[in-house]
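Chain naming here is simple, since letters A, B, ... match the order of the sequence lines and numbering starts at 1 in each. Quantities reported herein were computed from a predicted structural model and do not represent experimental measurements.
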Amino acid sequence: MISLFSAEGLAGLLFLGFIGLTLAGAIIATSACSLIRSVAGLALCFLGVAGLYYYLNSPFVALMQILIYVGAVCVTIIFAVMLAESSELKRVTRRNVLVGPLAFLASGLLVWGLVGLAWKTQWHPAIFYVDNWGTVENLGQSLLTIYSMSFELISVVLLVAVVGSLVLARQGRDK
Amino acid sequence: MHVDPEILRLVAFLVGVIAFAALNAAYLVWLERKEAAHIQRRIGPKEVGPFGLLQPLVDGIKLMTKQLIVPAGVDPVLFKIAPILVMVPAIMSFVAIPFSDTLVARNLDLGLLVIFAFASVNVLGLLLGAWGSRNKYAVISAARVVSQNVAYEIPMLVTVVTLVMISGTMNLSEIVGLQMGGFWHWNILNLAASPLMPVAFLIFFVCMLAETNRAPFDMAEAESELVAGAFTEYSGMGFGVFFMGEYANIVIGASVATILFLGGWDCPFGLFPGVHWFLIKMYFLIFTVIWIRWTFPRTTFYGLLNLSWKILIPISFVNLILTSAMLKVF
C-alpha cells in the first residue's frame, strides 16, 4: 500500500485527476446547452489529455498540446462562435430521430475498435524504452526520418486549409 | 505519520511561488500608482502607512469586503471560472523561472516552453469571461484581445525560437549559464550570433507589452472607449483577481526577458552574481513598462495590428534567417 503522502501516491492521485478531467471535459463538450460551454469543456478535455501525455513520458507533446490546442484551437473556435452565434442562448434542436441512435452506434464502433486494439497490443513497461524517448531531439529526428512521409502529408493538408480559407475569404469580400 | 521530504519541498515552493506572485501583484499596483503620480507631478497614495506602503493591503480588504455581483444575464459558470483561468496559469509559470542558480522551484528541461504554454491559456480566460458577461463592450474587447494576441504571439515566438537556436536548449538555467561573465556576454549584445540581437530584444519587449495588454496596447481594457472592456461586469475580488493576473503576467514577461536577453542573475561586471541582480533587472523592466504606460497615449486598433503584421513579423523573420545563416556559416 502506497501512502497518499508520498511522491508516488500524489502522482497516482494526479493521474486519476487527469483521467477525470479528460472524461468530464468530454462529457461537458458533448452535452452542454450553449456552444461556448462546449468549447470550455473541450479545453478542459485537452488539458486532461496533456496531463496524460506528461505521464506517458513525453512532456514536449504535453506542453505542445496546451500551447496549440488550448491556447490556439480553442481560442479560434470561441472566436468563430462569437462571430457566428447571436447573443441569445440557442438550444441545439435535434433534426432527426435517427441522429441519437446512429451517434451511439458510431461511438460504440469506435470504442469496440479501441478496446480491441488495447487488448491485442503487447504492452511493455517503461524501463523497456531508451532514455531519450520523448525528448525534443528524438522527436525531431523521427519526424524527419521515419515519419517524414506523414509529416509532409500533414503539411500539405495545412497548406490546402490555408489556401481554401483564403479563397473563401476572398469570395466573401467581393459580395 | 511519515511524510516524504519531496512533498514538503513541493508545499514550500507552492507557498513561496503563490506568495511571491500575490505580493508582487499587490505592490506593483502601489508602484504603478506612485510612478503615475510622479510622472504627472502629483504625490500619489500617501495616507495609509509610510509612503502609502500599506495602501495595497487596504485595497485588498476593500475589494474582498465588496459583494461579488453576478448579473442576471451572464453565464454564471464561465463568469466565475474566467478570473481563475487568468490567475492560475500565471502562478504556474513561476514554477519554471530560475531566480538564481539555486533558487528555482523546478529546473525543467523545457522551462521556456512551459511558460509559453501556460501564458497561452491567459487569452482563453479573458475570452470566456468577456463572452460570459454578455455585455457588448466585453464582446468587442474579446474580439480585440484575440486579434491582438494572435498578431503578437507570432513575432514573440519567432524571436524566442531564434534565441533557442543560439542557446541550443530550452532549459532556462542553461540559457542563463551561457550568458555568464559580464554584460558583453549577454544575448542582447551577442552580435556574433546575429547583428540584430538588440532589435530582437526590442521586438520581444514590445510583444510582451501587447501580450500583457499594457498601454500603449491596452485595447482590451481601453477605459475611454469600452468602459472596462472584458472586466465591465466584474465587481469586487473578481475584478481584483483579473488585475492580479495582469500584474503576475507582467512579472513573468519581465523575468523571461531578463533570462533570455539580460543574462538572468549574472552581474554586468562579473562580480557577485546572484538573485539580487535578477530582481534588479526584472524590476527595472517592470518600471519601464509602467513608465511607458504613463508616457505614451493608446494607439488605434489598426495601428496596433499594422505594427505587428507589417513591421515586427518581417523583422523577426529576417532575424531568424540571419541567425540561422550566421550559425551555419561561422
Side-chain angles (χ1 to χ4, degrees), chain A residues 2-11 13-14 28 32-44 46-47 50-51 53-54 58-83 85-89 132 134-137 139-140, chain B residues 1-11 73 75-78 81-82 85 88-89 92 96 108-136 138-140 142-147 149-150 153 157 164 168-171:
Chain A
I2 302 167
S3 159
L4 194 60
F5 293 97
S6 68
E8 290 83 15
L10 265 187
L13 202 69
L14 214 58
I28 294 171
C33 54
S34 77
L35 266 176
I36 221 83
R37 280 197 193 178
S38 299
V39 183
L42 192 66
L44 199 67
F46 285 150
L47 269 182
Y53 279 135
Y54 195 86
S58 29
F60 182 74
V61 183
L63 291 172
M64 276 313 195
Q65 171 86 7
I66 296 179
L67 186 68
I68 294 172
Y69 282 91
V70 180
V73 172
C74 280
V75 168
T76 321
I77 296 175
I78 293 182
F79 197 52
V81 171
M82 272 170 45
L83 293 179
E85 198 191 31
S86 63
S87 52
E88 281 97 59
L89 265 172
N132 60 355
T135 58
V136 187
E137 292 90 354
L139 264 174
Chain B
M1 190 175 64
H2 173 71
V3 176
D4 199 323
E6 189 65 15
I7 304 275
L8 294 178
R9 189 176 162 274
L10 197 81
V11 171
D75 188 326
V77 181
L78 298 182
I81 276 182
L85 259 182
V88 169
M92 284 177 81
L108 296 160
D109 273 344
L110 298 168
L112 197 55
L113 198 61
V114 170
I115 289 172
F116 283 100
F118 286 130
S120 69
V121 180
N122 181 26
V123 194
L124 192 74
L126 276 178
L127 253 181
L128 287 179
W131 181 258
S133 302
R134 304 213 166 266
N135 175 298
K136 59 182 171 186
V139 173
I140 296 174
R144 287 181 174 187
V145 166
V146 176
S147 9
N149 272 278
V150 169
E153 201 139 86
L157 288 179
V164 170
T169 172
M170 281 201 253
N171 184 324

Chemist: Which region of B:Val139, side chain (C-beta onward) or backbone (N, CA, C, O), has a non-hydrogen atom less than 4.5 Å from a non-hydrogen atom of chain A, or is it both or neither?
Modeler: both
Chemist: Heavy-atom distances under 4.5 Å only: say whether B:Leu78 touches chain A with side chain, backbone, both or neither.
Modeler: side chain
Chemist: Quick one: what part of A:Ile78 sits under 4.5 Å from any heavy atom of chain B, side chain, backbone, both or neither?
Modeler: side chain
Chemist: Out of B:Val150, B:Asn149, B:Val121, B:Leu113, return the one with the most heavy atom pairs under 4.5 angstrom to chain A.
Modeler: B:Leu113
Chemist: Measure B:Ala143 against the heavy atoms of chain A and call it side chain, backbone, both or neither at under 4.5 Å.
Modeler: both
Chemist: Provide the closest heavy-atom pair for B:Phe116 versus A:Leu67 in the form atom of the first, atom of the second, distance.
Modeler: O-CD1, 3.3 Å
Chemist: Please report the interatomic distance CG(A:Leu47) to CG(B:Leu124), rounded to the nearest 0.5 Å.
Modeler: 8.5 Å
Chemist: Looking only at non-hydrogen atoms, find the nearest pair between A:Leu63 and B:Ala117 and report the distance.
Modeler: O-CB, 3.7 Å
Chemist: For A:Phe46, does the CZ atom sit with more than 12 other heavy atoms under 6.0 Å from it, leaving out its own atoms?
Modeler: yes
Chemist: Indicate the atoms forming the closest heavy-atom contact of A:Ile66 with B:Ser120, along with that distance.
Modeler: O-OG, 3.9 Å
Chemist: For residues A:Ile36 and B:Trp131, report the shortest heavy-atom separation together with the two atoms involved.
Modeler: CG1-CD1, 3.3 Å
Chemist: With a 4.5 angstrom heavy-atom cut-off, is it the side chain or the backbone of B:Leu110 that approaches chain A, or both, or neither?
Modeler: both
Chemist: Would you please name every residue forming a side-chain hydrogen bond (donor to acceptor under 3.5 Å, both in side chains) with A:Ser38, sequence neighbours left out?
Modeler: none
